[in-house]
Amino acid sequence: MRSTIEATASLTDGSTLRHERLFIGGAWVEPEDGGLMESIDPSQGRPWAVVAYGGSRDVAKAVDAARSALEGPWGRMPGHERAALMRRFADLYRERARALAVLETRDSGRALRESLADVSGHATAYHWWASLADKHAGRTIPIDDSVHAFTTRVPVGVVGAITPWNVPLMAASWKLGPALAAGCTVVLKPAEHTPVASLELGRLFEEAGFPPGVVNVVPGFGKDGAGEHLVAHPGVDKIAFTGEGATAQAILRAGGDTMKRFTFELGGKSPHIIFADADLEQALNAATNSAWTLCGQSCALGSRVLVQRPVYDRVVEEFVRRAGRVRVGPPLDEATHMGPQAHGEQLAKTLSYIDIGRAEGAELVAGGHRLTGPEHAAGYFVEPTVFANVSNGMRIAREEIFGPVAALIPFDDEEEAVALANDSSYGLTAGLWTGDVGRAHRVAARIRAGMVWVNTYRFIRWSTPYGGFKGSGWGRENGVEALDSYLETRTTVISTTGRFPDAYAR
Ligand code: NDP
């Protein structure tokens, strides 16, 4: 079969891309009890690709392949050799980054300028993970000279990686990187709306020379589909999931029966706090960008903008002015800032929250509508939207909208800012802008979130642990902390004497 990446040049000519096989056990195989599904280009509202999806037998086959690789060549391979393979994959990824970004943009509608900036960094991330593949050493535990006690870090086993539709390649890299560095094997199930770029990863693993079964890619449906089968399968040792909290709870219930390990990277309603003593221009650059980037479809975005009263009116004014400068349009056009919502249900969800905001009495000061002009009408485009005079009790301030909707909330002082920031069921990320270094430390230390940015926003790297407090998740992705979650610790105690007293001797 011709590589999809090689066919990228023809991706924009209106023909349908066909990716009719699953990547299982190092081979491209037809689904046994899955089938073919269409992937919709959200900027056009019509299918652009036909993609294979897996059923329960396909998932079982992929898990078996992953198990065989774990117990076979991959499990026996020294860390430095795994690292070398990962580096080869990373180099191929770098070569093909643009083509991968185009695939992601076609599937998700994310503006290509954003996909390119993001995907171009993944190769560096994979290299970083490769550098850790031979470094998970255990430790020696001093007791006395009658025993030698030490720990060994061993891979958790077969990982089911379940990824969302907003950032399919980034979410995959956050799971594949540490999983492979730890020596695990993986069955990757991308979201039904965005399967194409993830399937293409299979091609890169194949080309890099990974042993069959180390990485398997099985697109499919979550509920009643490949996702659920993966979670229920007793041969899967860990589920690494990014998505919605309610899905995580369902996964926890289903996967609990087989005592799997879990990491959950869930939603957010991040506070982005602007104090009156901040460099306002920089704060506005960050706050407006983090309201509309990815068309609002990222868990880390500062969707609650908390603004100190002396600068509140100015911030509202600037949000409105800058909303008017956002170029919303065809995502493949590199001049476009913001593409469409990734699928029709997400568009409906965003529009319904805009109605909710109005009904709750928030003041709609910019946007608020689906775009219906000639280049927008067929797609799922929505205007960058700003609500002013939002109170933190409103649903638009409490629930994750996942659309380009900023809620601007005024506050008086530091105490109130901290209280508002923490008054959320989420605790993923937070940002604060101030010119006072003491305040920066004081406030950052009191915020209940997994990541706090001071005078910057959304600075995320492979090496910086990322994950949530409270309803935003379990565990961390990125950083050495992520590697830990793909490893078990085995403690070995060896007697230096070989003597063991008879407890029942007289
Ligand atoms: P989901 O949590 O439903 O989807 C995430 C992934 O889980 C997808 O691959 C999905 O498959 C799969 N999945 C769904 N149900 C199950 C299940 N029972 N067992 C195993 N896997 C399952 O998120 P949605 O796509 O429905 O998005 C809904 C909302 O979630 C968004 O509006 C947003 O608020 C939030 N979200 C948050 C993300 C984040 O980065 N934290 C990312 C995406 C969404 P399938 O695609 O077939 O549904």
Side-chain angles (χ1 to χ4, degrees), residues 34 37-40 42 51 53-56 59 107-108 110 118 160-172 174-175 187-196 198 217-233 236 239-256 260 262-270 293-301 303 341-353 380 382 395-396 398-405 425-429 450-451 458 460 466-468 471-474 477:
M37 62 185 182
E38 288 177 331
S39 184
I40 307 287
V51 173
Y53 71 88
S56 63
V59 167
D107 245 3
S108 70
R110 183 181 190 184
D118 177 13
I162 301 179
T163 53
W165 41 261
N166 55 339
V167 282
L169 287 168
M170 187 181 90
W174 287 17
K175 292 164 179 57
V187 179
L188 172 64
K189 195 221 71 83
E192 67 189 61
H193 296 293
T194 53
V196 177
S198 301
V217 187
V218 183
F221 300 96
K223 193 158 172 36
D224 302 322
E228 274 193 8
H229 301 315
L230 205 47
V231 172
H233 198 295
V236 175
I239 294 290
F241 170 83
T242 301
E244 201 184 16
T247 313
Q249 287 166 4
I251 288 175
L252 197 52
R253 283 190 292 270
K260 290 179 171 45
F262 299 99
T263 39
F264 292 127
E265 203 274 276
L266 310 176
K269 195 74 194 178
S270 300
T293 199
L294 262 154
C295 200
Q297 299 164 137
S298 161
C299 46
L301 299 188
S303 47
Q341 299 268 255
H343 53 84
E345 301 98 88
Q346 183 55 50
L347 173 71
K349 180 177 173 190
T350 298
L351 294 174
S352 83
Y353 271 100
Y380 309 135
V382 62
R395 285 182 64 192
I396 58 166
R398 305 203 75 75
E399 298 170 19
E400 188 173 47
I401 301 174
F402 236 51
V405 183
S425 58
Y426 293 109
L428 189 58
T429 61
M451 191 149 202
R458 214 157 162 265
I460 298 169
Y466 183 90
S472 289
W474 281 7
E477 297 200 286

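Atoms within each ligand, like the ligands themselves, are counted from 1 in listed order. Heavy-atom basis, side chains included; hydrogens, waters and symmetry copies ignored.
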Q: Which option wins on minimum heavy-atom distance to atom 1 (P) of ligand 1: Leu294, Thr247, Thr194?
A: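 The option holding the nearest heavy atom is Thr247.
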Q: Any non-hydrogen protein atom below 4.0 Å of atom 48 (O) of ligand 1?
A: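 Looking at atom 48 (O) of ligand 1, one finds that a protein heavy atom does lie closer than 4.0 Å.
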Q: Looking at non-hydrogen atoms alone, which of Leu428, Thr163, Leu188, Leu301 comes nearest to atom 6 (C) of ligand 1?
A: Thr163
Q: Angle class for the His193/His343 ring planes (parallel below 30°, perpendicular above 60°, tilted otherwise)?
A: parallel
Q: Looking only at protein heavy atoms, which one is nearest to atom 27 (O) of ligand 1, and what is the separation?
A: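 Nearest neighbour among protein heavy atoms for atom 27 (O) of ligand 1, to 0.1 Å: Trp165 NE1, 3.6 Å.
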Q: Please report which non-hydrogen protein atom sits nearest to atom 41 (N) of ligand 1, along with the residue it belongs to and the distance in Å to one decimal place.
A: Leu266 O, 2.9 Å
Q: Looking only at distances, can you tell me whether any N or O atom of Phe402, backbone or side chain, sits closer than 3.5 Å to an N or O atom of ligand 1?
A: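 No: no nitrogen or oxygen of Phe402 is under 3.5 Å from one in ligand 1.
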Q: By number and element, which atoms of ligand 1 are closer than 4.0 Å to a non-hydrogen atom of Gly267?
A: 41 (N)
Q: Using a strict 4.0 Å cut-off to heavy atoms of Lys349, name the atoms of ligand 1 that fall inside it.
A: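 Once the distances to Lys349 are compared, the set is 29 (C), 31 (C), 32 (O), 33 (C), 34 (O).
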Q: Any nitrogen or oxygen of Lys189, main chain or side chain, under 3.5 Å from a nitrogen or oxygen of ligand 1?
A: yes
Q: Checking the N or O distance criterion of under 3.5 Å, is ligand 1 in contact with His343?
A: no
Q: Which ligand 1 atoms are under 4.0 Å away from a heavy-atom of Glu228?
A: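 Going through ligand 1 atom by atom, the ones under 4.0 Å from Glu228 are 17 (C), 18 (N), 19 (N), 20 (C).
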Q: Can you name the closest pair of heavy atoms from Leu294 and Asn166 and give their distance?
A: CD2-O, 3.6 Å
Q: Below 4.0 Å, non-hydrogen atoms only: which portion of Gln297 touches ligand 1? Side chain, backbone, both or neither.
A: neither
Q: Is there a donor-acceptor contact under 3.5 Å from the side chain of Glu228 to the main chain of Lys223?
A: no
Q: Applying a heavy-atom cut-off of 4.0 Å, say which part of Gln346 lies close to ligand 1: side chain, backbone, both or neither.
A: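 Within the 4.0 Å criterion, Gln346 contacts ligand 1 through side-chain atoms alone.
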Q: Heavy atoms only: which of Glu244, His229, Lys223 lies closest to atom 26 (O) of ligand 1?
A: Glu244
Q: Among all protein non-hydrogen atoms, which one is nearest to atom 35 (C) of ligand 1, and what is the separation to 0.1 Å?
A: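 Here the nearest protein heavy atom works out to Glu400 OE1, 3.5 Å.
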Q: Main chain of Gln341, side chain of Gln297: is a donor-acceptor contact present, judged purely on distance under 3.5 Å?
A: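 A pair under 3.5 Å: no.
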Q: Quick one: which ligand 1 atoms are inside 4.0 Å of a heavy atom on Thr242?
A: 5 (C), 39 (C), 40 (O)
Q: Compute the minimum heavy-atom distance from Ala246 to ligand 1 and say whether it is under 4.0 Å.
A: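 Distance cut 4.0 Å: Ala246 fails for ligand 1.
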Q: Under 3.5 Å between some N or O of ligand 1 and some N or O of Ile401?
A: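 No, there is no polar N/O contact under 3.5 Å.
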Q: Which bit of Val167 gets closer than 4.0 Å to ligand 1, counting heavy atoms only: side chain, backbone, both or neither?
A: neither
Q: Checking a contact table here: which protein heavy atom is nearest atom 20 (C) of ligand 1, and how many Å away?
A: Gly227 C, 3.3 Å
Q: To check you understand the geometry: which heavy-atom pair defines the closest contact between Leu230 and Val236, and what is its length?
A: O-CG2, 3.5 Å
Q: Could you check atom 45 (P) of ligand 1 against the protein and tell me its nearest heavy-atom contact, residue, atom and distance included?
A: Glu192 OE1, 3.3 Å
Q: Nearest protein heavy-atom contact for atom 22 (C) of ligand 1: which residue, which atom, what distance?
A: Gly222 CA, 3.4 Å
